[in-house]
Asks: 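First the structure, then my questions, so here it is.
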There are 2 protein chains.
Amino acid sequence: MKSKITLKDIARELEVSISTVSKALKNSEEIGRDTKEKIQAFAKLYNYKPNNIAISLKNKRTKNIGVVIPDIVHHFFTTVIRGIEKYANARGYNVIVCLSEESFDKEVINMEMLANGSIDGFIMSLSSETQEKGDYNHLKEVTEQGIPVVLFDRITHEVECDKVIIDDKLGAYQATKKFIDQGKKRIALITTDDYLSVSKARTKGYLKALKESPLGIDESMILKMPSMEMDEEAIKTFLDNKEPDAVLCVNEIFAVCGMRFAQKKGLKIPEDISFIGFTDGVLSKYANPSLTVVAQHGEKMGEEAAKMLIDKVESEAEEETYQTKILEPTLVIRDSIAH
Amino acid sequence: MKSKITLKDIARELEVSISTVSKALKNSEEIGRDTKEKIQAFAKLYNYKPNNIAISLKNKRTKNIGVVIPDIVHHFFTTVIRGIEKYANARGYNVIVCLSEESFDKEVINMEMLANGSIDGFIMSLSSETQEKGDYNHLKEVTEQGIPVVLFDRITHEVECDKVIIDDKLGAYQATKKFIDQGKKRIALITTDDYLSVSKARTKGYLKALKESPLGIDESMILKMPSMEMDEEAIKTFLDNKEPDAVLCVNEIFAVCGMRFAQKKGLKIPEDISFIGFTDGVLSKYANPSLTVVAQHGEKMGEEAAKMLIDKVESEAEEETYQTKILEPTLVIRDSIAH
DNA sequence: TATCAACACGAAACCGTTTTCGTTGTGTTT
DNA sequence: AAACACAACGAAAACGGTTTCGTGTTGATA
């Protein structure tokens, strides 16, 4: 077990000073040709690599970015992480992932853990508990310390920082409009409670499209699921009672469940009843019939967030100017609607 | 923007030495009551938190663990990460995630990035390219430096380190046996090329079960997909030609695709043709019919891996003793087989 | 020959901790 | 009064780098 070689080791071995070694390895003009070559050769031979921690301590940059998300076993978050990781890696950054598991306390603890020097900035999506609670002091504290934060998807406007979201309202609007244009009359919405910023926005888009149409709004056609957990019964009775001919769902799972019940009742998809979900995940792709969805472009979102964050981290200027990037969703047409 | 307060700041402000502050904050007996109280109060007031980087440099422990996996947009890996993260977090560790994207080079680069002080140990699953190539020098170098490594799922026996796998062979054996017991006669296997250690093991289990049965082995009932990418046509023609009455698939996607083609041909699942897949993901759960799978218990695997790693990291002893933990898979019975 | 610039290198501070090993001042013991 | 124990604190080294600012040597210049 040959443990890592340091500048000091090289200096001792070659009988020069530490500073000379340091400079030689950075190819400084200050050091003579012979000495440089000797040192560089030696360093290569012993596979010298500078210690990241020491460098971090010196220039107060870790080249790590902290990602705090509610859950990782969700296709959307997963794609976002991938986008972040790819982009960050290309710029020499590592990604530290922390899971809040939809818990406010865990979110706070995770941020505190990372905020003491471990990372240069945060990318995060709020836990449902945080959004419900409306307490964003942990975010404010961090930004006040000068640590940049980029919020994505589940955001709040109460914190001044960069944000990147998709236009959820527009996505829902377009999907609903699609139904209307196809002549659907009883268009339902299956969503979660309003505390999730995204569900709220999607509901708005749904309502807007209906309001603009001759159909108008029927609040009873909206099913609000109390939690993120699946409650199959609720969906079943809702479909039985309301008999919609088109259903917009705020995620894949609601949609796939809905389709299953519809099929069990003998309804034909998309003729008798059409479905559109959110999130372009595996479920939509391999569902039977395959599910039309509003794609959120998670990977793109991750890239954008990472870009915004790293740009801010690396800009010396302390501009107090923040932007919100709004990505356009796109409708991915599959067999759960007519086409 | 009040930037972080340091020991030095407190010392200056309270006109004591840095060492006194440090000791006072650790409640050292060395420091007098009054002084301690004064310092602790001041620290709390200004929300002092020690700088992680400095501490890492001092005691050569980062409390970070590096996770290098081929892909994150796969349910199995995702659950493993969750298991790792939960366990590691509970023990005060953070998780740095790097994606190799099935590329040997990326795997090497990622490991080098992290091996220079950023982490205390690695948890990883090999990229397909690495397994194909059979080059494990990057792993050996790291272990020789004294950095502990835990391999999971996609492992190699050429590197001496802790490992945690599920008994893939057993899983496939049990699944195949299930088919045999149910009176299936034409049992097919859809797998990937053998370079993936897991596919190899699963194929072995499948073959073993058949060999032990009166049915015997028919190599032509095995479809080897050349890559991880879906090739729907290959599956379709395979099913058309071989007309199996039971299909074991090494992942969810192959199985769901298979089921779809079978249904299109008018076959009834599970009566005419049964399916079993690997990986207990969303796809299996919400497929129609829901898919029976060999569950790999990714989260458990992640926990085990994290436990093994952290135990090793925190044990002073330089025991050169490594263990391989083998988790038992379980068959999750759903509607794609008779029951 | 005295002066000076350029060259090549080293000393030391610094980043923020921890920790060892003094060094005081006080009170107790004989 | 001398010796000593002990409590309370500080100085400084160490972790592994980077960087500023010398400093000694050389050769060229006046």
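Naming convention: chains lettered A, B, ... in sequence-line order (proteins, then strands); numbering from 1 in each chain. Note that this is a predicted model, so its numbers are computed, not measured.
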Asks: Between the two ends of the helix from C:dT1-D:dA30 to C:dT30-D:dA1, what is the bend in degrees, rounded to 10 degrees, where each end axis spans five pairs?
Replies: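 For the helix from C:dT1-D:dA30 to C:dT30-D:dA1, the axes at opposite ends meet at about 90°.
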Asks: If you look at every strand shown and take non-hydrogen atoms under 4.0 Å, does B:Thr35 touch a base, only sugar-phosphate, or nothing?
Replies: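 If one applies the 4.0 Å heavy-atom cut-off, B:Thr35 turns out to touch the sugar-phosphate alone, with no base involved.
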Asks: Can you tell me if the side-chain N/O atoms of A:Lys58 get under 4.0 Å from OP1 or OP2 in D:dC15?
Replies: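 No, no such contact exists.
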Asks: With nearest nucleotide decided by heavy atoms, which residue, B:Asn59 or B:Arg33, maps closer to the 5′ end of DNA chain D?
Replies: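 Nearest-nucleotide comparison on DNA chain D picks B:Arg33.
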Asks: Please check the phosphate of C:dT18 (OP1 and OP2 only) for any side-chain N or O of B:Ser22 closer than 4.0 Å.
Replies: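 Affirmative; the distance criterion is met.
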Asks: Is there a side-chain contact between A:Tyr48 and the phosphate of D:dG17, meaning an N or O under 4.0 Å from OP1 or OP2?
Replies: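 A:Tyr48 to D:dG17 OP1/OP2: side-chain N or O found under 4.0 Å.
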Asks: Give the nucleotide from the list C:dC9, C:dG16, D:dG17 with an atom nearest to the side chain of A:Glu30.
Replies: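 The closest nucleotide is C:dC9.
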Asks: Categorize A:Lys8 for me: base, sugar-phosphate, or nothing, with a 4.0 angstrom heavy-atom threshold over every strand shown.
Replies: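 The answer is sugar-phosphate, as A:Lys8 gets under 4.0 Å only of primed atoms, P, OP1 or OP2.
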Asks: Side-chain N or O of A:Thr20 less than 4.0 angstrom from OP1 or OP2 on C:dC9?
Replies: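 Checking C:dC9 against A:Thr20, no side-chain N or O comes under 4.0 Å of OP1 or OP2.
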Asks: Would you please confirm or rule out a distance under 4.0 Å between OP1 or OP2 of C:dT19 and any side-chain N or O of B:Lys23?
Replies: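 It does not, given that no N or O in the side chain of B:Lys23 lies less than 4.0 Å from OP1 or OP2 of C:dT19.
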Asks: Which nucleotide in the list C:dG16, D:dA11, D:dG17 gets nearest to the side chain of A:Thr6?
Replies: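 Per side-chain heavy atoms of A:Thr6, the pick is D:dG17.
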Asks: Which residue, A:Glu29 or A:Ser19, contacts DNA chain C at a nucleotide closer to its 5' end, judged by nearest heavy atom?
Replies: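 So the residue in question is A:Glu29.
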